[in-house]
Amino acid sequence: MKLAFFQGCNIPIRIEQYATSLEAVLSKFGVSLVEIKEFTCCGYPIRNVDEKSYILPSVRNIALAEAEGLDILVACNCCFASLQKAKHMMERLPSLKAEVNEILDKEGLVYHGTAQIKHFLTVLHEDVGIEQIKKVLVNRYTELNLSVIQGCHILRPREVTTFDDSFVPKITDNLVQVTGARSLDWQGKLECCGAALSGINNELSAALLNEKVDRAIEAGAEYLTPVCAYCYLQFDTAQANMRASGQQSIPVLLYSQLLGLVLGIDEKQLGIELNSTINSRHISHLKSILGPPVEEKKKRKKKAKTTA
Amino acid sequence: MKLILALAFIIFLVGLVIRGKSWFSGGVGSQTIDTSIIQRFSLALKSVFGTLFSSKVINALTTFLTDIVLQKRLFQKSIGRWTAHMLIFTGFLLLLVTHGLGEGVSNALFSDYYATLQPYLSLRNVFALMVLVGLGIAIYRRVSDKPKRVQSYTSDWLAIGFVGAIIITGILLESSKISSYSYYQGMVEEYGDVSDEQEALALETYWASEHGLISENVTKPYNQELVEEGRAVSENSCIECHSPTSGAFVSFSLAKVIGPLVSKGDKFLYVVHLLTCFGFLAWLPFSKMFHIVSVPVSLLINGVRGFKQPVEASEASLNRQMIGLSACTHCGSCSELCSSLMFYESFQNDFILPSEKVQLLKKVAEGETIPTDTKEHLQKGLYICTSCDRCSTICPSGINLRELFITARYSLLAEGKPETALLSHFSFPLALAQNFVDDHLKALKKVEEQFKKLFQKLSDLSKLTISRPGGLDNTSFQSCYTCQRCTNICPVVRLYDDPQETLGMLPHQIIFSLGVGKTELAAGSQMIWSCSTCYLCQEHCPNKVELTDIFYSLKNSAIKKIDTGGDK
């Protein structure tokens with residue numbers, strides 16, 4: 001399976017380990033990622049200013065992938081939502097589609113709407129499948145409690161994103177469970193990381209972030225796992241700036257890094273040490289809780305059988 | 001001629017000093033730093049020596065090899081462009097050492113050097129052809145650039161034209177020397193060992209037949225016997241110091257075609273060729289061609305320092321900024337892959353493209369006065385940037401565009417008009433990097449004040465009148481039945497003890513006010529700018545009111561109102 005990897009603006013310069021870890025993980029399942037140099041920003045940052053300017057870049061990005069005959073893989077929720085929103089609008093507003101295609105025509109591009117936009121979680125969950133992941137596992141976490149931060153723009157509005165059940169999402173939890181880790185039920189799971197307000201209303205942005213960090217720690221999470229570039233930057237980079245001294249903080253592990261370790265990929269290749277909230281102690285802890293790739297319950301059943 | 005050369009050389013040197021001086025004075029944001037040209041120069045010297053005597057010197061050497069000699073950055077950008085530049089660069093450089101710097105230099109470099117002997121005769125043509133092919137690719141690229149986003153200025157065409165003129169006049173000069181009778185005569189008189197007129201005629205016939213000479217004394221068809229006799233004479237007295245002119249294959253072929261036209265113009269063309277070269281020398285420091293000096297410097301700094309350090313206003317950053325600005329060749333590489341490319345399409349603001357920003361920032365840095373509306377465009381262009389740093393990563397000249405743009409952004413915001421683009425997510429990476437934190441907050445304050453001036457608050461109203469709803473494409477607000485679920489689920493509302501005090505209006509109140517035709521009131525509420533866009537309200541609304549989408553529309557129209565000065 002070959003997909004165009006839409007990295008957006010944050011991943012290549014601020015979260016390189018997100019791209020490398022994801023590429024390493026997906027290659028284990030025969031999914032190869034293609035770089036399209038001409039991809040631009042998804043348009044998300046301009047949305048407060050002008051809706052049409054928000055749509056245009058995503059339509060062009062989809063058209064670029066279509067020209068290569070590829071579907072798009074996204075690793076950032078906001079990019080994902082922008083691309084899906086563009087598709088949604090193009091389907092509903094033929095006049096806008098014609099207008100945008102006229103602009104694209106200047107560089108010989110056409111938007112057809114044939115390319116699919118896939119969050120990498122969908123690729124792992126649907127295209128690869130949990131069973132396939134299980135087969136490839138080299139390890140499994142024996143004892144690990146995680147708070148997944150699902151993020152907003154991957155789930156809502158459901159008519160646009162069409163990712164998962166927006167009220168009771170299960171894809172991410174299933175993917176966490178397959179690694180042996182436990183995805184905790186916690187209060188901030190489906191809520192906002194505060195990124196959208198950062199630089200516009202810093203206090204509010206920090207309040208939203210701190211609230212999530214506190215709740216995750218209260219719930220007993222050892223790590224926090226985002227599935228979005230913005231959430232990651234909030235929890236990993238901004239967390240250090242925003243937590244008052246003496247306040248406890250929580251280390252952040254990307255889902256691709258979490259999965260990578262149980263697939264037997266080296267932590268250096270996964271770039272875990274590049275996460276600013278992670279230190280060598282965390283890495284040795286993570287490695288120390290790796291066990292054989294068999295589910296606990298089955299083991300117990302087997303034991304029960306043998307003793308009987 | 002020598003006098004003109006001396007003059008050109010003096011202008012060249014003065015130009016170098018002037019341009020070099022500009023590296024250590026001025027700069028965008030220099031007003032806030034108290035320093036002198038001497039301080040900045042000595043700082044630069046200190047860092048050069050600091051680098052020379054540290055392990056960083058390895059970085060500098062690698063950069064010299066990969067980025068300057070092999071031009072790796074250009075190669076990564078585009079093989080076509082690299083080919084064009086390499087052809088011009090190496091072709092011109094080789095022409096310079098084998099020909100351009102004069103016989104003295106060439107003799108010192110190559111012990112067997114003789115301008116009329118092989119391989120130098122052919123090499124000159126090879127090198128000239130390299131430059132011409134390179135220029136051809138460069139012209140084609142500028143003309144065929146379809147989206148026409150990056151503009152080509154006179155300065156760009158002038159640089160191509162000047163280099164082309166040197167090469168073309170050189171080739172013409174050589175063609176005319178090949179065909180010129182008077183030049184031939186001069187050579188025969190000086191070097192030829194011709195005993196009688198018969199031999200002279202034979203030699204002339206041979207040179208006309210084989211080496212492109214145009215002579216009135218001999219005409220086609222040539223007497224073959226004379227040709228053979230001439231060949232013998234030539235072998236005795238010419239060939240030792242003059243390889244066959246066909247070796248200069250470009251000029252030789254050209255002479256065959258245009259020989260009759262240029263055969264009498266060798267002296268004139270000599271003057272034209274030399275004047276073009278001297279003119280180029282004098283013009284170089286004041287033009288885009290100065291990049292042959294500034295780009296290697298800029299690349300070396302980039303090789304040693306990179307561009308990822310935190311941005312701060314300092315003397316060192318000003319020096320680097322000025323060197324960088326002088327190193328921009330306006331090649332447009334940055335703009336072709338700019339993440340904000342499509343925003344340029346929707347706003348039609350040239351200054352969204354990095355290459356165009358730099359052109360104007362050069363003037364700003366030199367302290368030139370810029371018209372207010374151009375400056376406002378520049379400010380907006382500087383802000384509509386995703387901070388993806390692709391331009392800095394890609395710049396073939398190694399300019400630290402990230403630092404330049406961030407510094408310029410806050411320098412302009414401090415004096416400019418309130419910038420509504422601050423209210424976009426372009427602010428996110430800026431807040432994350434925590435550069436210019438105070439300046440950012442000050443600039444935000446300015447926009448807030450503009451809001452207060454232009455919009456009424458709910459609490460300002462003594463009574464609420466009802467009018468027809470309007471001004472919004474999204475009419476889903478009409479199905480609201482004020483159950484207040486949106487407000488109850490809002491994670492922002494939840495954070496405040498007295499949310500209405502801070503937020504002005506709560507989500508359900510905004511929807512309600514739209515229903516009674518108070519779109520302006522809704523657009524002016526703090527709530528829409530405090531919305532985290534988490535979409536929880538919209539998702540949970542039992543009547544499918546698209547609250548978050550409506551908030552986005554309100555934000556768009558509020559910004560439009562401020563940008564148009566309240567007319568909308």
Side-chain angles (χ1 to χ4, degrees), chain A residues 8-10 12-14 37-41 43-54 56-61 78 81 103 106-108 151-153 155-158 161 166-167 188 190-202 204-205 207-208 211 230 233-234 237-238 241, chain B residues 146-149 308 336-343 345-347 384-390 392-393 420-434 437 440-441 444 491-492 494-495 526 529-536 538-540 546 548-549 552-553 555-556 559-560 563:
Chain A
C9 300
N10 284 318
I13 196 76
R14 284 179 271 277
K37 274 191 183 171
E38 288 76 17
F39 273 154
T40 61
C41 166
Y44 170 70
I46 202 79
R47 195 170 183 191
N48 278 351
V49 179
D50 182 53
E51 184 84 359
K52 208 190 276 177
S53 309
Y54 159 61
L56 179 58
S58 274
V59 181
R60 178 177 179 268
N61 289 325
C78 298
I103 299 175
K106 280 202 266 182
E107 43 188 333
C152 304
H153 297 152
L155 295 173
R156 300 179 292 267
R158 57 184 181 274
T161 62
S166 67
F167 294 97
L190 305 185
E191 288 190 14
C192 170
C193 64
L197 291 163
S198 177
I200 300 172
N201 188 335
N202 287 337
L204 191 51
S205 174
L208 287 165
E211 184 191 48
Y230 276 98
L233 288 171
Q234 277 289 89
T237 316
N241 303 332
Chain B
K146 254 203 248 143
K148 289 265 181 286
R149 292 192 191 104
K308 295 185 180 173
E336 277 174 9
L337 290 183
C338 173
S339 286
S340 288
L341 198 64
M342 282 294 109
F343 303 138
E345 290 293 340
S346 36
F347 292 98
I384 298 186
C385 161
T386 69
S387 305
C388 70
D389 293 342
R390 261 201 228 178
S392 303
T393 315
T420 46
L422 275 158
L423 298 172
S424 69
H425 305 309
F426 294 127
S427 290
F428 170 80
L430 300 172
L432 193 72
Q434 296 200 304
V437 177
H440 188 88
L441 291 179
L444 268 176
V492 171
R494 188 179 67 205
L495 282 175
Q526 175 58 44
W529 297 106
S530 298
C531 169
S532 75
T533 73
C534 74
Y535 276 97
L536 276 171
Q538 181 162 333
E539 203 69 9
H540 283 80
E546 294 162 357
T548 315
D549 289 335
Y552 272 124
S553 303
K555 285 185 265 193
N556 286 185
I559 282 186
K560 216 159 264 162
D563 279 348

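Below, chains carry the letters A, B, ... as their sequence lines are ordered, and counting in each starts from 1.
- Listed by chain and residue number, Glu191(A), Glu211(A) satisfy the salt bridge (charged side-chain N to carboxylate O under 4.0 Å, His left out) test with Arg494(B) (two or more places apart in sequence, or in another chain).
- Chain A forms the most heavy-atom pairs under 4.5 Å with one residue out of Ser340(B), Ser346(B), Cys388(B), and that residue is Cys388(B).
- The parts of Leu432(B) that come within reach of chain A are both its backbone and its side chain, each placing non-hydrogen atoms under 4.5 angstrom from that chain.
- Most heavy-atom pairs under 4.5 Å with chain B, from the set Pro45(A), Gly199(A), Ala238(A): that is Pro45(A).
- Judged purely by atom type and a 3.5 angstrom limit, Asn48(A) has no side-chain atom pairing as donor or acceptor with the backbone of Asn556(B).
- Within the model, atoms CD1 of Ile200(A) and CZ of Phe428(B) stand 11.0 Å from one another, a figure rounded to the nearest 0.5 Å.
- Looking only at side-chain heavy atoms (C-beta outward), Lys308(B) and Ile13(A) come within less than 4.5 Å of each other.
- Counting heavy-atom pairs closer than 4.5 Å to chain A, the top residue among Ser339(B), Ser553(B), Ser427(B) is Ser339(B).
- Minimum heavy-atom separation, Cys9(A) to Thr386(B): SG-OG1, 3.2 Å.
- Partners of Tyr44(A) according to the ring-ring contact (aromatic ring centres under 6.0 Å, His included) rule, which considers only residues two or more places apart in sequence or in another chain, are His153(A), Tyr230(A), His425(B).
- Once rounded to the nearest 0.5 Å, the distance linking NZ of Lys37(A) with CD of Glu336(B) reads 11.0 Å.
- Heavy-atom distances place no part of Lys52(A) under 4.5 Å from chain B, backbone and side chain included.
- Shown here for Leu208(A) and Ser532(B), the closest heavy-atom pair between the two residues is CD1-CB, 3.8 Å.
- When all heavy atoms of Leu197(A) and Ser530(B) are compared, the pair lying nearest together is CD1-O, 3.4 Å.
- Taking each heavy atom of Phe343(B) and Pro57(A) in turn, the nearest pair found is CE2-CG, 3.6 Å.
- Summarising the geometry of Glu38(A) relative to Leu337(B), their closest heavy-atom pair is CA-CD2, 4.1 Å, with the distance given to 0.1 Å.
- Heavy atoms closer than 4.5 Å to chain B are found nowhere in Pro12(A), neither backbone nor side chain.
- The line from SG of Cys531(B) to CG of Asn201(A) is 11.5 Å long, rounded to the nearest 0.5 Å.
- At a 4.5 Å heavy-atom cutoff, Glu546(B) makes no contact with chain A through either its backbone or its side chain.
- In this structure, CG on Leu536(B) lies 9.0 Å from CZ on Phe167(A), to the nearest 0.5 angstrom.
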* Apply side-chain contact (heavy atoms from CB on, under 4.5 Å) to the pair Phe347(B) and Ile46(A), showing each step before the final yes or no. => CA-CA 11 Å; Phe347(B) 292 98; Ile46(A) 202 79; 3.9 Å; yes

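- Here Glu345(B) contributes atom CD and Arg60(A) contributes atom CZ; the two are 8.5 Å apart, rounded to the nearest 0.5 Å.
- Taking CE from Met342(B) and OG from Ser58(A), the interatomic distance works out to 11.5 Å, rounded to the nearest 0.5 Å.
- In this structure, Asn10(A) contributes its side chain and Ser387(B) its backbone to no donor-acceptor pair below 3.5 Å.
- Looking only at heavy-atom pairs under 4.5 Å with chain B, the residue among Arg47(A), Arg158(A), Gln234(A) that has the most is Arg47(A).
- In this structure, chain B has a heavy atom under 4.5 Å from the side chain of Asn202(A), while its backbone stays farther away.
- Heavy-atom pairs under 4.5 Å with chain A peak, among Leu441(B), Thr548(B), Asp549(B), Val437(B), at Asp549(B).
- When all heavy atoms are compared, the tightest approach of Glu539(B) to Ser166(A) is OE2-OG, 2.6 Å.
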